[in-house]
2 protein chains.
Amino acid sequence: MNSFYYYNPTELVFGKDSLSKMKSYFPKNIKKILLHYGKDSIKRSGLHDEVIEILKSNNIEVVELSGVTPNPKLSLVKEGIRICRDEDIDFILAVGGGSVIDSAKAIAAGVYYEGNVWELFTQNVELKEALPIGVILTLPATGSESSSATVINNEETLQKLGLESDLLRPKFAILNPELTLTLPNNQTFAGVVDILSHVMERYFTNTTDVELTDNLCEGAMRAVIANAYKLLENPNDYAARAEIMLSGTIAHSGILGLGREEDWASHRIGHEITALYGVTHGATLSMIFPAWMKYIYKENIKRFTRFSKFVFNVHDDEKTEEEIALLGIEKFEEFLKDIHMPIRLKEENILYDDFNTMAEKCTSSGFVGRFVKLSKEDVIKIFEMAK
Amino acid sequence: MNSFYYYNPTELVFGKDSLSKMKSYFPKNIKKILLHYGKDSIKRSGLHDEVIEILKSNNIEVVELSGVTPNPKLSLVKEGIRICRDEDIDFILAVGGGSVIDSAKAIAAGVYYEGNVWELFTQNVELKEALPIGVILTLPATGSESSSATVINNEETLQKLGLESDLLRPKFAILNPELTLTLPNNQTFAGVVDILSHVMERYFTNTTDVELTDNLCEGAMRAVIANAYKLLENPNDYAARAEIMLSGTIAHSGILGLGREEDWASHRIGHEITALYGVTHGATLSMIFPAWMKYIYKENIKRFTRFSKFVFNVHDDEKTEEEIALLGIEKFEEFLKDIHMPIRLKEENILYDDFNTMAEKCTSSGFVGRFVKLSKEDVIKIFEMAK
């Protein structure tokens with residue numbers, strides 16, 4: 001196990017009645033907040049009115065900034081920063097999924113930063129201060145509701161990059177699974193893949209003597225998969241929605257990666273697909289992760305046999321370790337197919353001609369991944385295996 | 001899954017080099033701390049000098065209060081409160097195991113409380129303020145280094161009672177597994193039982209649809225057991241010490257109980273044995289938990305078959321559910337015997353004559369336990385099964 005530092009002060013307020021308790025979790029003396037969200041869906045569902053009502057009854061003034069898109073854009077972040085400065089905003093409330101939260105985090109980070117906020121993503125500038133944010137989660141996926149990270153799309157440079165700081169962990173997260181009952185299947189399952197992949201990026205490691213977190217990762221993956229099948233059967237299953245929502249938070253809270261070197265190659269590669277094609281994050285992962293596995297599994301077959309055994313229950317004494325490893329990858333692909341996620345790039349019309357460009361951008365600052373370090377040529381081969 | 005609120009802001013600083021990083025984690029403007037510890041062992045090991053050196057080089061004035069005993073005493077807590085008030089202490093640094101941390105927490109809680117600090121344990125007084133505390137952990141067991149709880153012994157009334165508040169979660173915990181390499185086996189394994197039992201108190205629940213936390217609990221228990229056997233083989237195994245230390249923190253951090261009704265009967269019953277006989281906490285649990293299981297397993301056989309299957313790997317299609325449940329309990333007892341922990345009350349000379357008194361005190365404010373509610377008569381029967 002490696003040395004580590006871990007700090008996660010996000011208050012998790014979970015359950016059907018969580019929204020009504022929200023007022024208790026605002027920092028004292030909050031006067032004016034930025035209410036940040038995406039489209040009108042929170043207005044149609046009545047959630048917008050409910051939130052406004054709670055804020056007003058607590059004498060909190062509200063400035064609204066909507067329009068966050070999937071793969072949140074730098075331009076809107078800059079607008080948010082300007083509003084926060086002009087209006088003396090002292091708290092940002094993000095209502096939505098990972099894109100809204102990430103956009104809110106980037107705004108929070110940029111408000112006190114004198115330079116161009118994008119420098120925080122491209123240069124090694126240490127974040128010194130950020131506005132506090134709160135979250136009402138409507139889509140379990142990114143785990144951004146308690147994570148230290150944000151990922152933003154720069155639409156001018158076609159870059160999708162991340163920024164990490166414990167200052168970006170939300171003050172509170174309102175987690176009401178009921179809000180997710182009406183999610184369409186494609187969003188639900190793209191979220192499921194994102195959650196699973198947050199565990200897998202931590203699980204695939206060369207760090208030894210991490211039995212505890214290995215077990216926790218495997219247990220989390222099994223729970224996500226089991227509950228995804230329940231939602232495939234019945235999207236109105238509150239209990240399964242609750243399990244997926246909590247799994248999403250735990251998967252990216254940091255707990256499952258304690259003392260482990262983490263990989264993150266598949267995320268980095270997937271980001272390039274999104275930056276160029278705008279494909280949903282979860283869909284990029286469901287296309288890249290199986291190909292990544294097939295490309296690199298030989299580097300650490302034991303890790304993959306463990307994955308097969310303890311996540312997909314593959315037990316067969318007559319098979320070789322390599323066969324067991326490959327069976328696990330196959331079962332993972334079957335699961336992705338079962339939940340109707342794309343597993344080949346052609347399903348999302350990703351063109352062969354762009355493989356080189358995406359691999360080039362992905363590796364522009366060196367190798368990606370830590371479980372196996374990947375060069376530009378490796379990334380191209382992964383694209384080819386996924387095509 | 002039940003609704004829940006969860007907040008755990010303790011900074012975990014883990015690894016061989018964690019102590020040298022401690023100075024970064026004190027709140028700003030700390031001028032004078034209470035250094036709280038037990039016996040002279042931290043002086044003999046050189047840890048005391050190291051800590052003093054770090055504090056002095058950071059211009060932090062130190063007042064010392066040693067003498068914490070296992071099952072920490074109210075009288076010392078009161079002395080600590082007096083010192084903190086007289087000396088204008090603004091932070092308490094606990095160096096030791098759960099007893100020292102719990103004593104520090106009780107002092108921290110009492111400093112701002114105008115009445116007798118014991119009222120916080122006996123009456124439903126809400127804690128409004130507490131001194132911040134930091135921890136250097138030397139014995140993994142209670143999880144108190146990031147938990148919200150403290151348990152104190154009142155030597156006048158022979159009561160052992162707990163107090164819980166998020167205000168009592170330490171600001172930071174320095175977790176250096178090297179400090180535990182020299183622990184004697186009896187302390188190591190009493191700690192192991194305490195860690196396991198913190199998971200079990202959460203695992204044995206009637207709350208349904210908690211697949212995620214069920215899996216996390218089972219994974220944690222398997223890791224603790226596997227690493228306990230490694231330490232039995234080789235007490236100098238750093239990697240196993242690290243796994244046990246992290247398991248201890250995770251086991252009682254609250255994560256494993258999210259959304260679950262928890263039990264805690266075995267802890268309550270064990271506390272009575274300690275209050276009367278001074279027996280080590282872990283030893284009371286290793287005597288009571290198996291008896292508790294045998295007494296109540298029929299109330300929810302499915303939970304116990306799950307325990308057998310996923311913690312002790314009992315798989316036998318030819319056995320009935322009840323037989324599988326009983327095999328798991330048997331294997332748990334075998335494990336306790338293997339690590340040389342007592343499993344019968346006579347091993348610690350607990351007298352039959354005291355069963356009634358202990359059961360009476362334990363249930364003085366009503367039933368204990370939630371998985372199964374136990375009356376005084378039930379508790380006596382559990383003592384009889386353990387005798």
Side-chain angles (χ1 to χ4, degrees), chain A residues 1-18 21 24-25 146 166 169 172-173 175-177 208-224 226-227 230 237-247 249-251 253-256 258-259 310, chain B residues 1-18 21 24-25 146 166 169 172-173 175-177 208-224 226-227 230 237-247 249-251 253-256 258-259 310:
Chain A
M1 198 188 306
N2 298 337
S3 296
F4 67 81
Y5 168 78
Y6 181 65
Y7 172 57
N8 186 336
T10 303
E11 294 169 278
L12 306 180
V13 192
F14 193 98
K16 290 181 184 176
D17 50 354
S18 51
K21 297 175 187 161
S24 321
Y25 304 110
S146 98
D166 280 329
R169 296 201 191 258
F172 64 75
L175 304 167
N176 178 359
T208 54
D209 302 309
V210 285
E211 186 73 15
L212 172 67
T213 43
D214 270 351
N215 290 357
L216 298 182
C217 285
E218 288 157 356
M221 287 190 273
R222 288 197 310 274
V224 171
N227 283 284
K230 286 185 187 172
D237 183 338
Y238 174 86
R241 291 283 185 189
E243 296 251 31
I244 292 292
M245 190 171 238
L246 181 56
S247 299
T249 304
I250 299 290
S253 68
I255 284 281
L256 302 182
L258 294 179
F310 296 110
Chain B
M1 195 187 308
N2 297 337
S3 296
F4 67 81
Y5 168 77
Y6 181 65
Y7 172 56
N8 187 336
T10 303
E11 294 169 277
L12 306 179
V13 192
F14 192 98
K16 290 180 183 174
D17 50 352
S18 51
K21 297 175 188 161
S24 320
Y25 305 110
S146 98
D166 280 328
R169 296 202 191 258
F172 64 76
L175 304 167
N176 178 359
T208 55
D209 302 308
V210 284
E211 186 72 16
L212 172 67
T213 44
D214 271 352
N215 290 357
L216 299 182
C217 285
E218 288 156 357
M221 287 189 272
R222 288 197 309 274
V224 172
N227 283 284
K230 286 186 187 172
D237 183 339
Y238 174 85
R241 291 283 184 190
E243 296 252 30
I244 292 293
M245 190 170 238
L246 181 56
S247 299
T249 305
I250 299 289
S253 67
I255 284 281
L256 302 181
L258 294 179
F310 296 111

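Computed from heavy atoms alone, side chains included, the values below leave out hydrogens, waters and symmetry copies. In the text below, chain A, chain B and the rest are named by the order of the sequence lines, each starting its count at 1.
- Across M245(A) and L175(A), no two heavy atoms sit closer than the pair SD-C, 3.7 Å.
- Side-chain contact check for T249(B) versus F14(B): every heavy-atom pair is 4.5 Å or farther apart.
- Each of A223(B), A240(B), G259(B), G15(B) has some count of heavy-atom pairs under 4.5 Å with chain A, and the biggest count is that of A223(B).
- Both the backbone and the side chain of S247(B) come within contact range of chain A, with heavy atoms under 4.5 Å apart.
- Contact tally against chain A (heavy-atom pairs below 4.5 Å) for P9(B), A226(B), A220(B): the top residue is P9(B).
- Between F172(B) and Y25(B), the ring planes are tilted. Angles from 30° to 60° get that label.
- When side chains are defined from C-beta on, L216(A) counts as touching L216(B), because their heavy atoms get closer than 4.5 Å.
- Between chain B and the residues I250(A), N176(A), D209(A), the most heavy-atom pairs under 4.5 angstrom are made by D209(A).
- Using a 4.5 Å cut-off on side-chain heavy atoms (C-beta onward), M221(A) and F310(A) make no contact.
- Ranked by heavy-atom pairs under 4.5 Å with chain B, the list R222(A), E218(A), K16(A) is led by R222(A).
- In this structure, the portion of I255(B) lying under 4.5 Å from any heavy atom of chain A is its side chain and not its backbone.
- With values rounded to the nearest 0.5 angstrom, N8(B) atom CG is found 10.5 Å from Y7(A) atom OH.
- In this structure, chain A has a heavy atom under 4.5 Å from the backbone of N2(B), while its side chain stays farther away.
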